[in-house]
There are 2 protein chains.
Amino acid sequence: MASVPHHDHVNHAGRALVGAARDAMVAGGEQWTDMRAAVFESLASFDQPASAYDIADRVSQLLGRRVAANTVYRILDLFVSKNVAMRVESRNAYLANAHPDCLHDCIFLVCDGCGATTHVDDDVLSNGVRERASAAGFKAERPVIEVRGRCSDCRD
Amino acid sequence: MASVPHHDHVNHAGRALVGAARDAMVAGGEQWTDMRAAVFESLASFDQPASAYDIADRVSQLLGRRVAANTVYRILDLFVSKNVAMRVESRNAYLANAHPDCLHDCIFLVCDGCGATTHVDDDVLSNGVRERASAAGFKAERPVIEVRGRCSDCRD
DNA sequence: GCTCTCGATGAGATAATATAACACGACGCC
DNA sequence: GGCGTCGTGTTATATTATCTCATCGAGAGC
Ligand SMILES: [Zn+2]
Ligand SMILES: [Zn+2]
Ligand SMILES: [Zn+2]
Ligand SMILES: [Zn+2]
């Protein structure tokens, strides 16, 4: 993810990221099984949003046996619900969450050139979106804010 | 879309909507063929975001013959590029654009209860998102702002 | 130790969404 | 007529997501 420290809270990386994910899962009352660890490690090993099938392939490689897509989907759904992974809706793909401890509505910047996806947080903006929804009588539960475009390496 | 007049610019509806779409297409140098008209009318006949396959079914019914998905996809892609339809990324579905004349980054409010999807516009917010992307060295081309949640009819 | 239950995973099928490859006819242009 | 472009048809295929049912193991209660 080329995870630049874009704000002051803690961003985990490498093995610390795995540990943080495990802690967040356990804190949320979920088990941290070998399979879940394998899925998380595989997910985190991508430097771009990865599809469930990409992850399934990598998990299969890691474990040396065939792991089916639905197993991966089950675990990814759980990860997303526990804030340990996020789904990039406009790409049907997933990212490891570098700060599972901290809850916000992330803004993803998705490069259509190279696929690199970074994320920024801006509570003023995301709260603005939530408020705008409320003002329309809508109960906001999961804002999706993604920007398709070109990263600094890919712009003309 | 239960299209409430949420701001002061013109929102088309019914046949006027079809006319506005045709005008926007022609103004953009595209043809308004019978097939495109059929796809647009079918699209506009849904009161919720419709998948390409939903639309293909309805077009097939309208024309009394089988119309394949890829024909519909081609035309929907064109519609989106000409701002005559929009894609709801978090649902893999499409909506007719009630104001093809007017360009902004719409905010979709997508109800997870009944599926109803309304849209609001807030240039302050959407420009904020674009600016936030720029500040990160990212060239924003197509912001996606969607809020999953519950509409006023479906909230507890 | 035995059995019951529950959560997690395995396995296979199938559904839903999206794209690719190539053919053909209409139309404008020369 | 010959040619290029555009729109569509047709078929096949790729990709993403879900369903159903079987199995397995850990822990609770006895
Ligand atoms: Zn890039
Ligand atoms: Zn953050
Ligand atoms: Zn609703
Ligand atoms: Zn508007």
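Below, chains carry the letters A, B, ... as their sequence lines are ordered, and counting in each starts from 1. Source: prediction; values computed, not measured.
- Straight-line distance from the CG atom of Asp54(A) to the P atom of dT15(D): 10 Å, rounded to whole Å.
- Taking atom OH of Tyr73(A) as the reference point, atom P of dT14(C) lies 19 Å away to the nearest angstrom.
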Side chain to side chain contact (heavy atoms under 4.5 Å, CB included) between Phe79(A) and Asn97(A): does it pass, once the steps are laid out? CA-CA 9 Å; Phe79(A) 283 176; Asn97(A) 185 353; over 6 Å; no

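- Interface remark: the Asn92(A) side chain does not form any donor-acceptor pair with the dT17(C) base, using a distance-only criterion of under 3.5 Å.
- With DNA chain C read from its 5' end, the first of the two nearest nucleotides for Arg74(B) and Tyr94(B) is the one closest to Tyr94(B).
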Before you tell me yes or no, could you show the steps for Leu17(B) and Arg22(B) under side chain to side chain contact (heavy atoms under 4.5 Å, CB included), namely the whole-Å CA-CA distance, both residues' side-chain angles and the distance that decides it to 0.1 Å? CA-CA 9 Å; Leu17(B) 179 54; Arg22(B) 185 196 53 231; over 6 Å; no

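- Put simply, the side chain of Tyr53(A) and the base of dA17(D) share a donor and an acceptor less than 3.5 Å apart.
- Rounded to whole angstrom, the span from the CG atom of Leu76(A) across to the C1' atom of dT18(D) amounts to 14 Å.
- Looking at which nucleotide of DNA chain D each of Glu30(B) and Arg91(A) is closest to, the 5′-most match is held by Glu30(B).
- For Glu89(A) and dA17(D), the CD to P distance is 9 Å, given to the nearest whole Å.
- For Gln31(B), the side-chain atoms get nearest to dG7(D) when compared with the rest of dG7(D), dT11(D), dT20(D).
- Distance CD1 (Ile55(B)) to C1' (dT17(C)): 12 Å, rounded to an integer number of Å.
- Judged by atom type and distance alone, Asn70(A) reaches the base of dG12(C) through a side-chain donor-acceptor pair under 3.5 Å.
- Here the side chain of Ala68(B) is nearest to one of dT10(D), dT17(C), dG10(C), namely dT10(D).
- When the side-chain nitrogen and oxygen atoms of Thr71(B) are compared with OP1 and OP2 of dG9(D), one or more of them lie within a distance under 4.0 Å.
- If you take CG of Leu63(A) and P of dG10(C), they are 8 Å apart, rounded to a whole angstrom.
- Residue Trp32(A) contributes atom CH2, which lies 15 Å from atom C1' of dA8(C) at whole-angstrom precision.
- Checked by atom type, the side-chain pair His119(A)/His99(A) shows a donor-acceptor distance below 3.5 Å.
- Among dG10(C), dA8(C), dT8(D), the nucleotide with an atom closest to any side-chain atom of Thr33(B) is dT8(D).
- Taking side-chain N and O atoms only, Arg66(A) has no distance below 4.0 Å to OP1 or OP2 of dA11(C).
- A salt bridge does not link Asp77(A) to Lys82(A): none of the charged side-chain nitrogens sits closer than 4.0 Å to a carboxylate oxygen.
- A salt bridge is absent between Arg148(A) and Glu146(A); no separation between the charged side-chain nitrogens and carboxylate oxygens falls under 4.0 Å.
- Between the NZ atom of Lys82(B) and the C1' atom of dG7(D) there is a distance of 15 Å, given to the nearest Å.
- Within the 4.0 Å cut-off from OP1 or OP2 of dA17(D), at least one side-chain nitrogen or oxygen of Arg87(A) is found.
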